[in-house]
Every structure is written in C-alpha cells, then in structure tokens.
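Report on the following structure.
All chains are named by letter (A, B, ...) in the order of the sequence lines, taking the proteins before the strands, and each is independently numbered beginning at 1.
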Amino acid sequence: MRLAALPAPDFNLAATLECGQVFHWRRSGAGFEGSVGDVPLFVEQRSDCLLVPPDCEQLAQNYFALDHPLTEICATFPNDPAMNAARVFCRGLRIVRQPPWECLATFITSALKQVAHIAQISHTLRERFGERIEWQGHTFFSYPTPKRLAECSEADLRACALGFRAKNLLGAARMIAAGDVDLELAAALDDNAARAELCRLPGVGEKVANCALLFGFGRLRAFPVDVWIERVLRQLYFARKRNVTARRLREFSASYFGEYGGYAQQYLFHHARMTWRGPK
DNA sequence: CTCCAGGTTCCGG
DNA sequence: CCGGAACATGGA
C-alpha cells in the first residue's frame with residue numbers, strides 16, 4: 001500500500017521502540033508493526049522521515065512525540081561523563097506517549113522480569129483478552145481493558161505466565177474498573193499526587209508508578225529507579241561511597257537530572273543495558 | 001544446576 | 001527508616 005511520509009527530524013525509530021519503554025512492537029519488513037490503543041499501525045523510518053499509512057500521520061506524530069524539543073531536552077542533562085556517553089549513544093530516542101492503562105498494566109507485569117519476558121506476557125494478554133484487529137492482512141490485538149481483565153480469574157491470568165504478578169494485575173484492573181482509582185483523574189494531578197494515587201494499586205510501588213508517569217502520563221521528570229539504573233547510579237555517580245541508601249539514590253536522581261530527568265533516565269538505562277555486557 | 005531479571009510487600013531491628 | 005525474604009517463570 002502507499003505510505004505517507006511524515007517529517008521526523010532528530011528521531012531514531014528503532015532505538016525508541018527497542019529501548020525498553022514499550023513492549024508490543026514487532027519488526028516487520030523494513031519497519032515495525034504494532035498498535036496505538038486500538039489503532040493498528042505500520043511505521044518505517046527513511047532517514048529524516050517516517051513512512052506511515054495514509055491518515056495516520058497525526059496519530060504517529062503524537063505517539064512518537066515528534067513535538068518534544070529533543071535538542072533542548074538533551075541540553076538540560078547534566079554535563080558528566082556517564083550522561084554524555086548516554087546522550088551520544090541514544091541520539092534520536094524519544095519517550096513515546098503510551099495509553100496510560102496499557103502502560104501501567106504492562107509495568108505491573110514487569111516486576112522481576114526481563115524485557116523479552118515482559119513483551120511475551122504483553123502479547124499473550126493481548127491475544128487472549130484484547131480486541132482482535134484485522135488490517136491489511138495482518139492481525140493485531142489491543143491491550144485488554146481494565147473491565148475485561150477484571151472479569152478474569154486469577155487462574156486465567158496465571159495461565160499467561162504471570163506468576164505472582166497475576167494477583168496484582170487483577171487487583172489493579174478491578175480497582176480501576178470499579179472506579180476506586182480513576183486514571184483520568186490521576187492525569188489531572190501534579191506528579192507527587194498522581195504517583196501516590198497510582199501507588200494505591202496492588203503491584204504498584206515507586207518504580208512502577210514512575211514508569212507509568214513517564215511513559216504513560218507524559219511526566220518527563222519522573223525517574224524510575226530499577227536494578228540497571230541503581231547499578232549506574234552506584235557505580236558511576238556514587239563510586240567509592242559506602243552505605244548509599246535507596247532513599248539517597250531517589251533524592252539524588254529526583255533533583256540532579258533536572259526537569260527532563262525521565263529522558264535522562266531512559267538514556268542511561270538504554271545505554272547501560274546495551275553496552276555493559278554486549279548488545280542483546 | 002545456579003543465577004538473575006525495568007519490584008512490591010511485609011516483617012523484624 | 002533500613003535491610004532481608006518471599007514471591008513465579010524462563011533464559012543465560
């Protein structure tokens with residue numbers, strides 16, 4: 001089919017989709033196929049343009065956050081060796097705008113899982129409980145809604161290889177389906193209040209809440225501290241320092257990396273993961 | 001076989 | 001507030 005060309009300067013599609021912020025895109029030919037909410041999408045990069053199906057330009061422009069002032073964002077990063085290396089390595093990587101629920105739910109299922117496993121779980125949940133979307137001879141599945149997951153039993157979810165995460169995903173889906181937690185209301189709160197609201201959900205602690213805030217709620221200052229980032233902070237920012245507590249790391253990262261700390265975090269995360277023990 | 005993975009929660013100092 | 005342990009599953 002004919003594709004439309006969308007100007008996308010200062011953008012790296014592959015890095016953006018494979019850096020561990022989103023898990024359901026698959027390589028397809030020279031591009032990627034996936035979905036944004038319930039809209040199927042194919043996207044391919046040609047130098048400074050994105051090729052997308054006609055009438056999808058606006059959707060892609062928004063989803064891939066082509067309006068983020070990347071040069072300005074990178075200029076706000078602290079000037080230190082670790083950050084500079086990550087900034088060069090991740091050039092063109094953008095924090096996409098994921099639908100809040102599927103982002104939050106995916107990170108609830110991410111606890112103590114490798115990126116490949118998280119993707120596997122996401123696809124299984126989509127195929128079993130999401131909406132099937134046929135498009136151009138390809139089959140896509142949307143992420144199941146809170147309502148749909150709330151109707152499942154814990155055993156249904158455990159059957160998707162969720163392990164102990166099944167109870168958390170189910171509990172979160174039920175609280176949201178019941179209106180006990182309202183993601184649209186949370187979206188109107190400031191960062192700290194929104195984080196506190198998300199943390200009321202089972203399986204959502206500081207780290208998962210920050211991932212949801214950063215990748216699903218557009219809070220570009222949110223700084224998730226996972227095992228990789230903790231290694232980066234301890235080895236590159238607190239080298240030869242003893243007894244650095246988790247709280248100390250959180251306080252440091254919340255201020256040191258600035259107003260676009262979430263971008264800085266993702267660059268440090270991706271760079272460390274890709275270089276510290278061979279690309280995978 | 002052992003170790004670890006984009007953590008959260010609960011429990012005892 | 002802090003460090004430990006339990007919690008499932010699969011790939012390295």
Side-chain angles (χ1 to χ4, degrees), chain A residues 15-25 86 90 93 95-96 98 102-125 128 153-173 175 181 195-217 219-220 222-235 238 241-254 257 261-280:
Chain A
T16 295
L17 292 182
E18 296 181 329
C19 71
Q21 63 174 319
V22 63
F23 304 92
H24 68 291
W25 293 87
C90 298
L93 193 167
I95 302 294
V96 305
Q98 296 182 52
E102 66 177 65
C103 178
L104 173 63
T106 300
F107 278 99
I108 287 175
T109 66
S110 78
L112 284 180
K113 277 290 176 193
Q114 293 187 110
V115 169
H117 296 160
I118 301 167
Q120 204 161 23
I121 288 170
S122 170
H123 281 116
T124 304
L125 288 169
R128 294 201 187 172
S153 68
E154 186 181 325
D156 292 333
L157 298 186
R158 281 196 177 248
C160 300
L162 278 175
F164 63 85
R165 304 155 197 82
K167 185 190 296 283
N168 293 333
L169 181 61
L170 182 58
M175 282 180 74
V181 166
R195 178 164 32 244
E197 188 64 9
L198 295 180
C199 284
R200 292 179 52 218
L201 297 164
V204 181
E206 193 99 0
K207 189 271 174 180
V208 169
N210 277 327
C211 285
L213 287 175
L214 175 58
F215 304 128
F217 289 82
R219 308 303 175 92
L220 301 184
F223 194 103
V225 177
D226 73 312
V227 290
W228 283 96
I229 285 297
E230 183 161 345
R231 281 198 281 265
V232 168
L233 293 177
R234 288 185 186 283
Q235 294 182 27
F238 290 87
K241 289 208 174 173
R242 292 291 165 208
N243 306 322
V244 181
T245 65
R247 169 163 271 302
R248 180 81 187 89
L249 292 180
R250 284 205 309 275
E251 290 169 352
F252 170 76
S253 59
F257 294 98
Y263 256 98
Q265 185 274 0
Q266 193 57 22
Y267 279 34
L268 291 171
F269 171 84
H270 184 53
H271 179 236
R273 222 168 63 84
M274 291 299 104
T275 61
W276 280 21
R277 53 172 208 196
K280 179 59 200 287

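Checked against the 6.0 Å centroid criterion, the rings of A:Phe269 and A:Phe223 do not qualify as a close aromatic pair.
Atom CG in A:Leu169 sits roughly 15 Å away from atom C1' in B:dG7 (whole-Å rounding). In this structure, the CZ atom of A:Arg250 is 10 Å from the C1' atom of C:dC1, given to the nearest Å. The distance from atom CD of A:Glu230 to atom C1' of B:dG7 is 11 Å, rounded to the nearest whole Å. Put simply, CG on A:Asn168 is 10 Å from C1' on B:dG7, counting in whole angstrom units. The nearest whole Å value for the distance from the NZ atom in A:Lys167 to the C1' atom in C:dT9 is 17 Å. Note: NE2 (A:His117) to P (B:dG7) measures 13 Å, nearest angstrom. For the pair A:Arg273 CZ and B:dA5 P, the interatomic distance rounds to 11 Å; values are reported in whole Å. One interatomic measurement links the two molecules: CH2 of A:Trp276 to C1' of B:dA5, which rounds to 16 Å at whole-angstrom precision.
The heavy-atom pair separating A:Ala209 from A:Cys199 by the smallest distance is CB-SG, 3.8 Å. Here the shortest heavy-atom pairing between A:Gln266 and A:Cys19 reads NE2-O, 3.0 Å.
Within 4.0 Å of A:Gly203, counting heavy atoms only, lie sugar-phosphate atoms of the nucleic acid but no base atom. Within the nucleic acid shown, A:Val225 has no heavy atom closer than 4.0 Å to any nucleic acid atom. A:Gln266 comes within 4.0 angstrom of a nucleotide base, judged by non-hydrogen atoms across all strands. If you check every strand for non-hydrogen atoms under 4.0 Å, A:Arg231 touches sugar and phosphate atoms only.
A donor-acceptor contact shorter than 3.5 Å links the side chain of A:Arg234 to the backbone of A:Val244. Side-chain atoms of A:His24 never come within 3.5 Å of backbone atoms of A:His123 as a donor-acceptor pair (strictly under, hydrogens ignored). Checking side-chain atoms of A:Gln21 against main-chain N and O of A:Thr16 turns up a donor-acceptor pair under 3.5 Å.
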Which atom pairs link the protein and nucleotides 4-8 of chain C when you take only N or O atoms and keep those under 3.5 Å?
unit_1 : atom_1 : unit_2   : atom_2 : d
C:dA8  : OP1    : A:Arg158 : NH2    : 2.6
C:dA8  : O4'    : A:Phe164 : N      : 3.3
C:dA8  : N3     : A:Arg165 : NH2    : 3.3

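Remark: A:Arg200 pairs with A:Asp180, A:Glu197 by the salt bridge (charged side-chain N to carboxylate O under 4.0 Å, His left out) rule, at least two apart or across chains.
In the set C:dG10, C:dC1, B:dA5, the nucleotide with an atom closest to the side chain of A:Ala161 is C:dG10. Distances were taken from every side-chain heavy atom of A:Val208 (C-beta onward) to each of B:dT8, C:dC1, C:dT9; the shortest belongs to B:dT8. Comparing C:dC2, B:dT8, C:dG11 against the side chain of A:Thr245 picks out C:dC2 as the nearest.
Ring geometry for A:Phe23 against A:Phe107 counts as perpendicular: the plane angle is over 60°, on a 0 to 90° scale with 30° as the lower cut.
Mapping A:Cys211 and A:Pro202 onto DNA chain B via the closest heavy atom, the residue that lands nearer the 5' end is A:Cys211. Two residues, A:Arg248 and A:Gln120, neighbour DNA chain C, and the one matched to the more 5' nucleotide by heavy-atom proximity is A:Arg248. Heavy-atom nearest nucleotides on DNA chain C were determined for A:Arg247 and for A:Ala116, and the one closer to the 5' end corresponds to A:Arg247.
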